[in-house]
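In what follows, every chain begins at residue 1, and chains take the letters A, B, ... in the order their sequences are listed.
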Number of protein chains: 2
Amino acid sequence: MNIDPEQCHVEEALDIVVGKWKPIILLYLLKNGTIRFNELKRSVPNITQKMLTKHLRELEEEDIIARKVYPQVPPKVEYSITEYGRSLEPILEAMHEWGTKHQQHKRNNNVPS
Amino acid sequence: MNIDPEQCHVEEALDIVVGKWKPIILLYLLKNGTIRFNELKRSVPNITQKMLTKHLRELEEEDIIARKVYPQVPPKVEYSITEYGRSLEPILEAMHEWGTKHQQHKRNNNVPS
DNA sequence: CTGTATCCAATATGATACTG
DNA sequence: CAGTATCATATTGGATACAG
């Protein structure tokens, strides 16, 4: 470990990825490339419009995703992962793998969830 | 990307590492191996006893850190990272590196923080 | 020294109704 | 279709006092 705790930037990465629905939103965007608002809403069970909008705005603000509006009625808005946003992929994969193993670890040790 | 969003386990990993002071606590433990409660409290500026205790309990519960009590007066309690806890190190390093680059990315694009 | 307990403020999330 | 506005609840974290 060579990270100096005094000047660690783990938080900056966490800020992007933390939020009740952000990981799953990111996974859908990484998987599909481009997806419409309602399509995403249907894909993420139980998410409210408010939270979907909020998370999408935050990710857009950080240049992780792009928002494309088609000026038509009814409106059509497409979201996609940016080139830059794809740099998060290894981290999400690492967390997914660790999380999977952690579930197993807890089962092996009868740790109450 | 080959993670199925429907069965993603990113959350399980995030749960461990999310919390206002958890990353810096983990970094100190990874760096020092063993550290006493008050030493840790002094190392993490502004943290309250309540939050330090809470985070340490949560990490212990997940088998990331170990707590050793020396039955003496005044009490002495040492915290250390477990073998298993060390498996988080690559993820923290990856996030730290990504976070560092992200700060630079934002500066390059004049993104308001 | 290593905690707990209590009360309080801030933030995150949810439910629901409304709009161009 | 893709949002916004409003009100309510839940969770997180902080301040402070106290205890073995």
Side-chain angles (χ1 to χ4, degrees), chain A residues 8 10-26 28-29 32-62 64-81 113, chain B residues 8 10-26 28-29 32 34-62 64-81 112-113:
Chain A
C8 106
V10 171
E11 297 295 354
E12 278 88 334
L14 280 177
D15 284 346
I16 304 302
V17 126
V18 168
K20 182 155 177 186
W21 314 94
K22 272 192 194 167
I24 192 170
I25 288 173
L26 287 170
Y28 271 111
L29 287 166
N32 292 7
T34 288
I35 186 167
R36 293 183 64 172
F37 183 86
N38 248 8
E39 203 180 344
L40 200 44
K41 179 155 164 34
R42 279 190 302 270
S43 301
V44 182
N46 302 324
I47 195 173
T48 59
Q49 282 189 332
K50 175 183 161 184
M51 288 309 296
L52 181 53
T53 302
K54 181 169 181 272
H55 284 161
L56 289 171
R57 292 285 182 281
E58 291 164 353
L59 292 168
E60 188 192 0
E61 172 77 19
E62 300 289 338
I64 306 299
I65 67 175
R67 177 171 181 266
K68 179 166 186 185
V69 181
Y70 294 82
Q72 59 186 43
V73 179
K76 173 181 174 181
V77 179
E78 281 179 349
Y79 292 90
S80 58
I81 196 94
S113 67
Chain B
C8 106
V10 171
E11 297 295 353
E12 278 87 337
L14 280 177
D15 284 346
I16 305 301
V17 127
V18 167
K20 182 156 177 185
W21 314 94
K22 272 192 193 167
I24 192 172
I25 288 174
L26 287 170
Y28 271 111
L29 287 166
N32 292 7
T34 288
I35 186 167
R36 290 182 65 173
F37 183 85
N38 247 9
E39 203 181 342
L40 199 45
K41 179 155 162 33
R42 279 191 303 271
S43 301
V44 182
N46 303 323
I47 195 173
T48 59
Q49 284 188 334
K50 174 183 160 184
M51 287 311 295
L52 181 52
T53 302
K54 181 168 182 270
H55 283 161
L56 289 171
R57 292 285 182 282
E58 291 164 353
L59 292 168
E60 188 192 0
E61 171 78 17
E62 299 291 337
I64 306 300
I65 68 175
R67 178 172 181 264
K68 179 167 188 184
V69 181
Y70 294 82
Q72 58 186 46
V73 179
K76 173 179 173 182
V77 179
E78 282 180 348
Y79 291 92
S80 58
I81 197 92
S113 65

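Comparing A:Gln49 and A:Pro75 by the nucleotide of DNA chain C whose heavy atom lies nearest to each, the residue mapping closer to the 5' end is A:Gln49.
Pairing each heavy atom of A:Glu11 with each of B:Pro23, the nearest pair is OE2-CG, 3.3 Å. The two atoms that bring B:Ile25 and B:Leu40 nearest to each other are CG2-CD2, 4.3 Å, heavy atoms only. Closest of all the heavy-atom pairs between A:Leu59 and A:Lys22 is CD2-CD, 4.2 Å.
If you measure from atom CD of A:Glu78 to atom P of D:dA2, you get 9 Å, rounded to the nearest angstrom. B:Phe37 places its CZ atom 6 Å from the C1' atom of C:dT2, with the value rounded to the nearest Å. Regarding A:Lys54, its NZ atom lies at a distance of 15 Å from the C1' atom of D:dA5, rounded to whole Å. Straight-line distance from the NE2 atom of B:His55 to the C1' atom of D:dT12: 9 Å, rounded to whole Å. The NZ-P distance, from B:Lys20 to C:dT11, rounds to 10 Å in whole Å. Between the C1' atom of C:dT13 and the CD1 atom of A:Ile47 lies a distance of 11 Å, rounded to the nearest Å. Protein atom CE of B:Met51 is 18 Å distant from nucleotide atom P of C:dA9, rounded to whole Å. Atom NZ in B:Lys76 sits roughly 14 Å away from atom P in C:dG3 (whole-Å rounding).
Considering only side-chain N and O atoms, B:Trp21 lies nowhere under 4.0 angstrom from the phosphate OP1 or OP2 of D:dT12. Checking the phosphate oxygens (OP1, OP2) of C:dG3, a side-chain nitrogen or oxygen of B:Arg57 falls inside 4.0 Å. Between D:dC1 and A:Arg36, no contact under 4.0 Å exists linking OP1 or OP2 to a side-chain N or O.
Of all nucleotides listed (D:dA2, C:dC1, C:dA15), C:dA15 comes nearest to the side chain of A:Lys50.
Taking 4.0 Å as the cut-off between side-chain N and carboxylate O, A:Arg57 and A:Glu61 do not count as a salt-bridged pair.
No side-chain heavy atom of B:Leu52 sits less than 4.5 Å from a side-chain heavy atom of B:Gln49.
The residue A:Tyr79 sits close only to the backbone: its heavy atoms come under 4.0 Å of sugar-phosphate atoms, none of a base.
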